[in-house]
Amino acid sequence: MGKFDLPADYEQKMSNRAAFDATAVEKALLKLLAAINELTIGQDLFSGEPPLNTDNIALVLTGDDPGSDLRIRQYEFECSGSDRDSDRLVKRISRLAGTLPLQGITVDDIYLVSVYRNGSVHYNIRHIMEREFAHARLSIRVKAEVNQ
């Protein structure tokens, strides 16, 4: 195998990308979505699995793609909501989807190159503990800068 030259900062950039904190990106995205959509974290919007049998929206990290660009790391999130009031849920998720895409935003020292929908919003009805809940799901893709 032939020898090839690497930039002087290659090892440092690889190390930065490998060590980048996905949970920090999740927290930054949570804050951003809450602020833009006038939602309260821990009440209307949750990180991870929300309490059962409540009317809320949850954001969960579902994918991590380091890719080949040393400057950027890509993440996938699932934003899902449940509500006994179908109209309220559709309005909330539709508004959230409508605020995307976003570009070039810094939240808590995390530079979000882009935040965009990864497909359309999906709606259905679920029965939880003998109660009917409207359910909505939106996939979000985030590109975060890890090296300048």
Spatial distance of atom CD1 (Ile105) from atom CD1 (Ile36) [nearest 0.5 Å]: 5.5 Å
field: Heavy-atom check, side chain of Tyr116 versus side chain of Leu102, under 4.5 Å
entry: no
message: If you define the side chain from C-beta out and look only at heavy atoms, does anything of Leu33 sit under 4.5 Å from Leu29?
response: yes
query: Would you say the side chain of Glu26 lies within less than 4.5 Å of the side chain of Phe77, judging by non-hydrogen atoms?
result: yes
Exercise: identify the closest heavy-atom pair between Val25 and Phe20: CG2-CE2, 3.4 Å
field: Atom CG of Asp109: over 12 foreign heavy atoms under 6.0 Å
entry: no
Sub-4.5 Å side-chain heavy-atom contact between Tyr10 and Gln12: no
query: So, are Arg17 and Asp69 salt-bridged, with charged N and O less than 4.0 Å apart?
result: no
query: Would a distance-only check, ignoring hydrogens and angles, find a side-chain to backbone donor-acceptor pair under 3.5 Å from His122 to Leu138?
result: no
query: Going by an N to O cut-off under 4.0 Å, is there a salt bridge joining Arg71 and Glu145?
result: no
task: Give a yes or no on whether the backbone of Ala97 and the side-chain of Arg117 come within a donor-acceptor separation of less than 3.5 Å.
output: yes
- request: Enter the distance from Asp87:CG to Ser94:OG here, rounded to the nearest 0.5 Å.
  value: 12.0 Å
message: Any salt bridge linking Asp55 with Arg88? Criterion: basic side-chain nitrogen under 4.0 Å from a carboxylate oxygen.
response: yes
message: Taking the side chain as everything from C-beta on, heavy atoms only, tell me whether Leu39 gets closer than 4.5 Å to Arg92.
response: yes
message: Would you say that Leu30 contacts Ile41 through its side chain, given a criterion of any heavy-atom pair below 4.5 Å between the two side chains?
response: yes
Within-4.5 Å side-chain heavy-atom neighbours: Ser114 and Val142: no
